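Here the structure is a predicted model, which is why all the values come from computation and not from measurement.
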Amino acid sequence: MGHSMQVKVRANADAAEVRIFANPDVWLEASAVEQLHTTATLPHIRAAVGLPDLHPGRGYPVGAAFFSTGHFYPALVGGDIGCGMALWQTPLKTHQYSAQKLEKRIGSQEGALPEALQAGAYAELNGLLQEVSLPIDASLLASSLGTIGGGNHFAEVLALDHLYEAASALQLSAKTLYLLVHSGSRGLGGAILRAHVDAFGHRGLAANSPAAAAYLQQHDLAQQFAHCNRHWIAQRFLHSLRSEGECLLDVSHNHVLAATYQGQSGYLHRKGATPSDQGIVMVPGSRGDYSYLVRPVAERQEALCSLAHGAGRKWARADCEGRLSAKFHASDLRTTRFASSVVCNDKALLFEEAPQAYKKVDSVVATLVDAGLVELIARFKPVLTYKKGAPTCC
DNA sequence: ATGTCC
């Protein structure tokens, strides 16, 4: 693994610290670095960290964490409040399931949950919805519960490929399949952000204002809904495989929360940044790359207690089809170098999410290891990546 | 990211 380079690029005029973690092998877009610095100059921001998956976003970079005092920025969290990764262990024997068999069993996982799961799912949703007023119709929440969504969201069946020394404390089976779910709060987080931006724009909210309290209440509900969504996505996949599973982790990478940094109390924003203080986490590569289960080493404040949330995009979505269509037909993108299957009925998404559009996960994970942020537990390879099935209606 | 913006 390459030599680590931790770049402390510069301090801004108002003394916000800016740090980027990236070794020389990591693809790093100049525009992403610029976004990180620009965001760091916002009033009240005290520290900004770019993780090795740093890439440009809509105004604010993704793969970054920001600490502020006195005020916080809902716009910095973005629309997919609570988006995160959940990893499940299944009892299914890897050698008994080809990608083709999995694809046949899983079929389409769009639309309403299977009837067998609905009562439990809707009871949980109703429990969440008490007493918080939301800028969205509750019926939409019910219909989106248990759905993956688009963009970079997925559900993936993985096989354990390698165990590292740090695995010894965990009871990981090398012979069974795992299920990784990456999804968020669907329409809810977006509606919360939209309502907030309509009222307040992109400026920060004073920490003790009524508007801040109202936003945080909705934000916390979106976090719970996103968690609940990943749970029921996992349940519906396991149900289709006539199986069950044990949740090993469920960690959000888009949120803002009260925190302290260098003895100051304030707010920690994570925008595509995985917490390093919530136990073991998964750093997924693209659908054509490995994913790593890692243990955060210790509380590392200079990284704002954050890690890369994945490989990170290398190419903008709009560029992918143009770059790849001369060389690859859409059907070529339905299998990977691991001979894993890709279920995706959306042609544009098939190109946008191609492995070539992502950074090499080894460069990202090597940076985290070399910077002393994590130790490796296990490496997984994809067997089937589910992006989007056939439409359920029309 | 998005019951996706016209």
Less than 6.0 angstrom separating the ring centers of W88(A) and H231(A), yes or no? yes
Give one of base, sugar-phosphate or nothing for [X], where a contact means two heavy atoms less than 4.0 Å apart.
X: G79(A); answer: nothing
X: R317(A); answer: sugar-phosphate
X: G150(A); answer: sugar-phosphate
X: R58(A); answer: nothing

Rounded off to whole Å, could you give me the [atom1]-to-[atom2] distance for the [X] and [N] pair?
X: L134(A); N: dG3(B); atom1: CG; atom2: P; value: 14 Å
X: D80(A); N: dG3(B); atom1: CG; atom2: C1'; value: 15 Å
X: I136(A); N: dG3(B); atom1: CD1; atom2: C1'; value: 9 Å
X: L188(A); N: dT4(B); atom1: CG; atom2: P; value: 16 Å
X: F225(A); N: dG3(B); atom1: CZ; atom2: C1'; value: 12 Å
X: N229(A); N: dG3(B); atom1: CG; atom2: C1'; value: 14 Å
X: R194(A); N: dC5(B); atom1: CZ; atom2: P; value: 7 Å

Nearest-0.5 Å distance that lies between atom OG1 in T176(A) and atom CG in L92(A): 8.0 Å
Separation of F66(A) CZ from R270(A) CZ (nearest 0.5 Å): 13.0 Å
Between R203(A) and Y73(A), is NZ or CZ placed under 6.0 angstrom from the six-membered ring centre and within 45° of the ring axis? no
By nearest atom, which of the nucleotides dT4(B), dG3(B), dT2(B) is closest to the L140(A) side chain? dG3(B)
